[in-house]
Number of protein chains: 2
Amino acid sequence: MEFFNKVGKMAIGSRLRMLTETVGEDAARIYNLYHIDFQPKWFPVFYVLQDGGEFTITSIAKEIGHSHPSVSKIIAEMVKNGFVVEKKDKTDGRRNMVSLSAKGLDAAVKIKDQYADVTGAVEEILSQANHDLWKAIEEWEYLLEQKSLLRRVQEHQKIRESNKVQIVPYEPRYAEAFKALNEEWISKYFKMEEADYKALDNADSYIINNGGLILVALYNNEPVGVCALLKMDDPDYDFELAKMAVSPKAQGKNIGFLLGQAIIDKAKALGGHKLYLESNTILKPAISLYHKLGFVKVAGRPSPYERANIQMELKLK
Amino acid sequence: MEFFNKVGKMAIGSRLRMLTETVGEDAARIYNLYHIDFQPKWFPVFYVLQDGGEFTITSIAKEIGHSHPSVSKIIAEMVKNGFVVEKKDKTDGRRNMVSLSAKGLDAAVKIKDQYADVTGAVEEILSQANHDLWKAIEEWEYLLEQKSLLRRVQEHQKIRESNKVQIVPYEPRYAEAFKALNEEWISKYFKMEEADYKALDNADSYIINNGGLILVALYNNEPVGVCALLKMDDPDYDFELAKMAVSPKAQGKNIGFLLGQAIIDKAKALGGHKLYLESNTILKPAISLYHKLGFVKVAGRPSPYERANIQMELKLK
DNA sequence: ACTAATTATGTAACTGATTACACAAATGTA
DNA sequence: TACATTTGTGTAATCAGTTACATAATTAGT
């Protein structure tokens, strides 16, 4: 399969499908070799039944990892071909108890030889290969159960995207973005308050000239996130992390985290010992971001903001 | 997948199918992650077209290893979604030349990032596994192309069956089988001749008491094959291999080969230097069996049989 | 004891591929 | 030049699974 080597790993799904098909194609012909009138797709169901037990459709489905309609259809076909008999459960009217018929039991004996030969052939291939397909599949099953391909891709996407993000110091030309980004989320969840207007309309005089600073996150050179560090006049805290805002259009690029970390670094560089912040518990992603940054919840302190219902701090060292 | 470990390697087809499905399921959601309205199954076709070239349906199919109707349908869908444009070839009215539209070209750019992330994620899984799925698939593709699973199973079947075959010396109770098995093939392809009746009706006096012998192949203790070694009165040859017959019901169990080898061993044990046989070229499987046993064609010698049109010999040493 | 939730099953529609077939256009050959 | 063969494409049917939905029987909760 020349093509796959050209395309690369992204095509692993297609490649798997094609190998599956190649292997599957021969399966039907293999049954012919043993003169058993048997469809390969029946095999997993047959395998469960082969020792003579009675099972419900659902229990077979669970055992072999198929959906129940699939088993239902397979059983119908096997009944039609005389391999299986159905029986209503006396004590539970929903249950359809299925088991091998005499013919089915007979086939189970015949199939033993085939079983040995196919297993032998597969093991022969496995032994001729340097890389063990059987074990590799098993590992993939495990790894994908631990973390799905989707989530893995998502993480790679996030990392790649966050590499495109630049964190830069505030400049007057970002004044508009600073206000707009904050106004967007504040007025979405709450109402703009007096203190908001003061800070957002006068970033320079209110924040920067008071010993604070603002960082801006650029994505494709567009400001998509902002965060301020306010100098506090408090014996317990040096700075407050505030006015953190990320554009909804730039979500999923880890921008909040990058901004938060950059602000923390700045606070450290400025000799800060303890950071403070206020937020609201309805802002779940924000709260979880603060946790991720290391902030912990602390007891009440008076706040100029109505919307503040949670306070957090972070010890720097 | 507990079940597969219980069933063993025979279920490798099912196991492959399920992994394929798991991987495939996420594929659609991954495209959503990048806000491209794109179906995963389009990808191989898209990949071929992405550099802006024009291709026919068949050439794409060949390149990506799909059937042409599959590509035909995919192209129809992509046209409907505006990713692809069709154009009749001026010089060849059968050809449907397809290429990416402006929208398709645009998507090709967007997809680059996704491509990188998916490749990264797959490589991450690959690196976390001890057994390399990608390389294992590649090896299976190669090994199955060399010799299909069907043929491998067939070979295992043959070996197992031939282990059930016993080669035993002639006894009077096999007289009937000796005649019947030979009569069966002779009268199927030719006509019983005088010499046949003589030998088959009087195995003891004609063959065994003349310094020859007969071996019988038993399968489930039933005689299913016979072969005679006739003492020859000839300066060139010691023995003639003759009256080899295997029941059609017992075909594919390697019985002819086992009988032939056993006869050769006997001839050697009796101090023979050269074996002779006569046959007819319309008996292709027989001729190829004799070749496999080491016999080579030799020039004419008078024969009592009308049907003989080829003669062969084997030097023993 | 009655209603709500859960469980067991079956049916229908869909999916992404295939093979079989049909047909037109181009090419090869006598 | 006429006819057979090959090539390119599309449509229909099939395949082995899926999800969505419907229905009946059982179990749980009040």
Side-chain angles (χ1 to χ4, degrees), chain A residues 1 11 13-29 31 38-46 54-80 84 86-98, chain B residues 1 11 13-29 31 38-46 54-80 84 86-98:
Chain A
M1 291 297 146
S14 305
R15 194 169 205 176
L16 266 171
R17 198 178 21 68
M18 299 193 90
L19 178 59
T20 304
E21 224 151 72
T22 311
V23 171
E25 250 165 42
D26 273 7
R29 269 170 291 200
Y31 281 95
F38 197 88
Q39 289 188 239
K41 64 168 167 172
W42 297 348
F43 179 72
V45 172
F46 186 81
E54 275 192 339
F55 295 82
T56 64
I57 302 284
T58 331
S59 68
I60 298 171
K62 193 183 283 178
E63 174 74 12
I64 69 176
H66 280 202
S67 65
H68 86 262
S70 165
V71 174
S72 178
K73 272 196 289 186
I74 289 173
I75 289 293
E77 287 176 29
M78 292 178 84
V79 167
K80 202 169 146 197
V84 158
E86 292 171 306
K87 203 175 77 189
K88 270 264 164 273
D89 186 347
K90 280 280 188 312
T91 68
D92 186 339
R94 297 166 304 178
R95 283 184 151 98
N96 180 5
M97 305 303 296
V98 300
Chain B
M1 290 297 148
S14 305
R15 193 169 205 175
L16 267 170
R17 199 180 18 69
M18 298 193 91
L19 179 59
T20 304
E21 226 152 71
T22 311
V23 171
E25 251 165 40
D26 273 6
R29 269 169 292 198
Y31 282 96
F38 198 87
Q39 288 187 239
K41 64 168 168 173
W42 297 347
F43 179 73
V45 172
F46 186 81
E54 273 193 340
F55 296 83
T56 64
I57 301 284
T58 331
S59 69
I60 298 172
K62 192 182 281 179
E63 172 75 10
I64 69 176
H66 280 202
S67 65
H68 86 262
S70 166
V71 175
S72 177
K73 271 196 291 186
I74 289 173
I75 289 292
E77 287 175 29
M78 291 178 83
V79 166
K80 203 170 146 197
V84 158
E86 293 171 305
K87 203 176 76 191
K88 271 266 164 270
D89 186 348
K90 279 282 190 311
T91 68
D92 186 339
R94 298 165 304 176
R95 282 184 152 97
N96 180 5
M97 306 303 295
V98 300

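Chain identifiers are assigned alphabetically (A, B, ...) following the order of the sequence lines, protein sequences preceding nucleic acid strands; residue numbering begins at 1 within each chain.
One interatomic measurement links the two molecules: CZ of R95(B) to P of dG10(D), which rounds to 13 Å at whole-angstrom precision. The separation between F55(A) atom CZ and dT7(C) atom C1' is 19 Å, rounded to whole Å. Between the P atom of dA25(D) and the NZ atom of K88(A) lies a distance of 9 Å, rounded to the nearest Å. Taking atom CZ of residue R15(B) and atom C1' of nucleotide dA16(D), one finds them 20 Å apart after rounding to whole Å. Atom CD1 in I75(B) sits roughly 14 Å away from atom P in dT11(D) (whole-Å rounding). Rounded to an integer number of Å, the gap from CG of D92(A) to P of dT26(D) is 5 Å. Counting to the nearest Å, the C1' atom of dG10(D) and the CE atom of M97(B) are 17 Å from each other. Rounding to whole angstrom units, NZ of residue K41(B) and C1' of dT18(C) are separated by 13 Å.
Using a 4.0 Å heavy-atom criterion, one finds that S70(B) contacts the bases of the nucleic acid, with or without backbone contacts as well. As judged by a 4.0 angstrom heavy-atom cut-off over every strand, T56(A) is placed among residues touching the sugar-phosphate backbone only. Within 4.0 Å of T91(A), counting heavy atoms only, lie sugar-phosphate atoms of the nucleic acid but no base atom. Nucleic acid contact for Q39(B): sugar-phosphate only, since backbone atoms but no base atoms lie under 4.0 Å from a heavy atom of the residue.
Among F46(B), F38(B), W42(B), F43(B), the one residue that satisfies the ring pair (Phe, Tyr, Trp, His ring centres under 6.0 Å) test with Y31(B) is F38(B).
The phosphate of dA8(C) (OP1 or OP2) has no side-chain N or O of N96(A) nearer than 4.0 angstrom. Close to dG16(C), at under 4.0 Å from its OP1 or OP2, lies no side-chain N or O of R17(A). When the side-chain nitrogen and oxygen atoms of S72(A) are compared with OP1 and OP2 of dT9(C), none of them lie within a distance under 4.0 Å.
Map P69(A) and R94(A) each onto its nearest nucleotide of DNA chain D; the residue landing nearer the 5' end is P69(A). Map S14(A) and T58(A) each onto its nearest nucleotide of DNA chain C; the residue landing nearer the 5' end is T58(A). If you find the closest nucleotide of DNA chain C to G93(B) and to K73(A), the one lying nearer the 5' end belongs to K73(A).
Other residues, nucleotides and ligands place more than 12 heavy atoms under 6.0 Å from the NZ atom of K88(B).
A donor-acceptor contact under 3.5 angstrom links the side-chain atoms of H68(B) to the base of dG10(D).
Atoms OG1 and CZ, from T22(B) and R17(B) in turn, are 10.5 Å apart once rounded to the nearest 0.5 Å.
A donor and an acceptor atom, one from each side chain of S59(B) and T56(B), are located under 3.5 Å apart.
In this structure, E86(A) and N96(A) approach most closely via the heavy-atom pair OE2-ND2, 2.8 Å.
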